[in-house]
Student: 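Before we start, here is the structure in question, set down as structure tokens.
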Amino acid sequence: MSAGELLAVVRAAGGLGLADDAGCWAVPAAGPAEALAALARLEEERSPRWVWWSAQEVLAPLAEADPGSAGGSAPRGLRPARAWDLAAVHRLLEGGADDGPAAVRAAAAGLDPAGAPAPGQLDLVGAAPGATEYGHDGDGDGPLRPDGHLRPEWVDGGWADSPARAARWAQVVLETARMQEHRLQDPQARADAPAAGSAAGAGGGGALQTAWSESAASVLAVELAAGGPPLDLEEASGVVERLVGPRPRDEAEAARQRAARDAPVLAALGHRAATSGGGGAHAGGAPDLRSPVQVRQALADVGLDLPDTRSWRLERLAAEPGAHPVLGALVAWRQAERFAVAHGHRWLEETVRGGRLRAAWSASDGGAGRMTASAGVHSLPRELRSAVRAEPGHLLVRADLGQVEPRVLAVVSEDPALARAAEEDDLYSPVAARLGVPRDVAKIAVLAAMYGQTSGAAGATLAAMERAYPVATAFLVDAARRGAAGEDVRTAGGRRIRVPPVEEVPVEAGDAALDRARSQRAARGRYARNAVVQGSAAELFKAWAATVRARLLRSGEGEVVLCLHDELLLSVRAEAAPDVADAVVTDLAAASSRWCRAVSRRPVRFTADVAVVERWSQAKA
DNA sequence: GACTCTACGTA
DNA sequence: CGTACGTAGAGTCA
């Protein structure tokens, strides 16, 4: 077996099931530590491409069990160099939310997903001994039903719970990967929604590359969950105290603090503050500031009739001469309240453990397949970023992709003029020259084209955009057209973006129904138009992140601690930081040119700002 | 308890 | 009548 050959693995109570092209076998292991040792040995000796239902399922328990993990917060457990994640590839091929084994197998085998066993469903017919239609199956309790679907008893886990059975389950895992591989390279299998780029749509190596990097991102997501951004708890607590006050010792004190925060706003509204004592939010008829309805009414009572109470509206009014004092007070209250509720003391207690921000990470979420994180890690307020701080002996390397979405648009649309603009460090300056408008107008026009914005200043420049970059514009218009018709689209790497079907409206329907249908179609169009760019950008980002991860894995110099759509944050040993910073740029060049070759005919330049910092908040060098 | 609405932080 | 995400509280329905 040479490096990179597929090796399927399944965990079971008494050990592991493994399968490669030569067959399947069981490896008994008394506990997770023994299982980890066995897998680590295989990684060392064979350097395979690991195949699993999901990285999460296999890797997360091993990380927990790693005996070398005591004290350290670096990634633990098995650190695979290569993976094939059936769930990740399934999401790529099919879209949708269900990426469990039953759905994955059904799609890979080209079976009707409706026939797949639902979770918890007993397959009485298939499992019944002597059932005639399955009588030819000499393996009545095997992993597969004669119709090709998985047997529900195996899906639920109970029946694969010995090393020997796990080995047979691993055989199924391997076979499913081969099926996915075939489908990835078969244009017929993906005729439902043509790919954005040319190469991926035509099959070939491009699709495999995407499957590999999406699988690597899946591994990275598990490692981010076990690691994550280092947070200086004392410093973070200081920031929170400064912004929302000291940590309350009990609920009564918390209520007093809330009342104290409310008081200035209520006073400006002409109300006496509610007396403390939790629950009595409406004392003296004062409005509940946390209720948008009551706030709007209260503002109306002082002569401010507003359509809603959004902060940007309040801020604009507050800035006017002679503005009502409640406006400024309310804006300040909103900021403090928001911070207290979303990133306050309770948040610190719940999400910081062992000096790291602990979150659940998903490698491909939402419509477009971006990485997501829970616990508000992706919406960490700027004020807290100074507390994301390198651990002793380490430094942070932060790297941002520059203008990634218009560059990605150049790739997926294969627009030669936009690709030429991407040669510049600042893509928008040649675009501005070509459009004959100032740079900031050009930037708005490009973004508006990608987001489907038609109103305001951007709308006026759209026509110029269309003349200057007809290929890119036509690409976006076509994606929007498909979306508006309720048809699926695909990203550059071939990710299927499911577009919900549009509602049919009978001709005799009233104006209101027709308006609703029109706005629904427009919304679907904007969604699809944006998703092909945003989703393709997510793929490029993950290819880059996977390349960086692989380098850090080989060198042992550090780890990825945060992925934020177009930004990477690494924790690396201090002495290695300058070299790693250089390497991240090299890795982008390698990953982006590989990605461009895989998904299109046109190379496009990508850039990154990289800096070595102690704190995340520090400016790029 | 599950759901929608409003709101707001990030990209 | 610019996209995506996660989160929280108020309010509604069952």
Side-chain angles (χ1 to χ4, degrees), chain A residues 229 243 258 281-282 287-297 306-315 330-331 333-344 346-347 350-351 359-362 364-385 388 400-405 408-409 443-459 461-462 476 479-480 483-484 489 491 497 499 515-516 518-538 541 562-569 616:
Chain A
L243 291 174
R258 277 197 299 273
H282 304 277
D288 181 354
L289 298 179
R290 291 152 194 84
S291 163
V293 175
Q294 292 184 38
V295 169
R296 189 170 166 227
Q297 182 59 53
L306 307 179
D308 61 59
T309 69
R310 301 191 106 92
S311 285
W312 64 266
R313 195 184 299 282
L314 301 179
E315 273 169 40
L330 194 51
V331 168
W333 179 89
R334 278 265 175 84
Q335 276 171 356
E337 182 69 10
R338 164 81 191 170
F339 199 99
V341 166
H343 292 97
R346 192 180 70 186
W347 175 82
E350 287 172 356
T351 51
W361 289 77
S362 156
S364 66
D365 220 340
R370 276 182 161 188
M371 294 185 81
T372 57
S374 70
V377 168
H378 274 181
S379 51
L380 203 72
R382 306 216 164 270
E383 296 91 325
L384 272 172
R385 294 193 174 192
V388 174
D400 292 72
L401 294 177
Q403 304 163 341
V404 61
E405 293 198 336
V408 163
L409 176 60
K443 179 176 175 176
I444 290 170
V446 171
L447 294 175
M450 286 188 295
Y451 293 161
Q453 186 182 353
T454 53
S455 63
T461 322
L462 275 179
L476 292 167
V489 291
T491 61
I497 311 286
V499 177
D515 276 354
R516 209 158 0 104
R518 193 178 308 114
S519 87
Q520 185 193 57
R521 283 195 300 275
R524 300 269 197 280
R526 287 193 304 276
Y527 171 73
R529 173 195 287 255
N530 179 251
V532 291
V533 177
Q534 190 190 98
S536 300
F541 176 82
L562 179 78
C563 294
L564 188 45
H565 307 319
D566 65 355
E567 178 173 0
L568 271 176
L569 195 66
W616 189 18

Student: Can you tell me which nucleotide in C:dG2, C:dT7, C:dA8 comes closest to the side chain of A:Val341?
Tutor: C:dA8
Student: Just jot down the salt bridge (charged side-chain N to carboxylate O under 4.0 Å, His left out) partners of A:Arg516, sequence neighbours excluded, or say none.
Tutor: none
Student: Base, sugar-phosphate alone, or nothing: which one does A:Ala523 contact when heavy atoms must sit under 4.0 Å apart?
Tutor: nothing
Student: Distance check needed: C:dG6 P versus A:Met371 CE, whole Å only.
Tutor: 13 Å
Student: To the nearest Å, give me how far apart CG (A:Leu384) and P (C:dG6) are.
Tutor: 20 Å
Student: Report yes if a side-chain nitrogen or oxygen of A:Arg290 is closer than 4.0 Å to either non-bridging phosphate oxygen (OP1 or OP2) of C:dA10; otherwise report no.
Tutor: no
Student: Between A:Gln534 and A:Glu405, is there a side-chain heavy-atom distance shorter than 4.5 Å?
Tutor: yes
Student: Given side chains that start at C-beta, do those of A:Met450 and A:Leu409 come closer than 4.5 Å, heavy atoms only?
Tutor: yes
Student: Students often mix this up, so state it plainly: with edges at 30° and 60°, are the rings of A:His343 and A:Trp347 parallel, tilted or perpendicular?
Tutor: perpendicular
Student: Scan A:Ala375 against the nucleic acid and name what it touches under 4.0 Å (heavy atoms): base, sugar-phosphate only, or nothing.
Tutor: sugar-phosphate
Student: What is the separation between atom CG on A:Asp365 and atom P on C:dT3, rounded to the nearest whole Å?
Tutor: 19 Å
Student: Could you check how far CG of A:Asp288 sits from C1' of C:dA8, rounded to whole Å?
Tutor: 13 Å
Student: Once you round it to whole Å, what is the distance between P of C:dA4 and CZ of A:Arg524?
Tutor: 11 Å
Student: Are A:Pro307 and A:Arg313 side-chain neighbours, meaning at least one heavy-atom pair lies under 4.5 Å?
Tutor: yes
Student: Any side-chain heavy-atom pair from A:Leu562 and A:Trp361 closer than 4.5 angstrom?
Tutor: yes
Student: Paired with C:dG2: which nucleotide, if any, by Watson-Crick or G-U wobble criteria at under 3.5 Å for both distances?
Tutor: none
Student: Scan A:Phe339 against the nucleic acid and name what it touches under 4.0 Å (heavy atoms): base, sugar-phosphate only, or nothing.
Tutor: nothing
Student: Between A:Asp365 and A:Arg370, is there a salt bridge with N-O shorter than 4.0 Å?
Tutor: no
Student: Which whole number of Å gives the distance between the C1' atom of C:dG2 and that of B:dT4?
Tutor: 23 Å
Student: Which base sits across from B:dT6 as a Watson-Crick or G-U pair, both distances under 3.5 Å?
Tutor: C:dA8
Student: Which nucleotides of nucleotides 6-11 of chain B have their base under 4.0 Å from a protein heavy atom (B), which only their sugar-phosphate (S), and which neither (-), written as one string 5' to 3'?
Tutor: SBBBSB
Student: What is the separation between atom CD on A:Glu405 and atom P on C:dG2, rounded to the nearest whole Å?
Tutor: 16 Å
Student: To the nearest Å, how far apart are A:Asn530 CG and C:dT3 P?
Tutor: 8 Å
Student: Measure CG/A:Leu447 against P/C:dA4 and give the value in whole Å, please.
Tutor: 15 Å
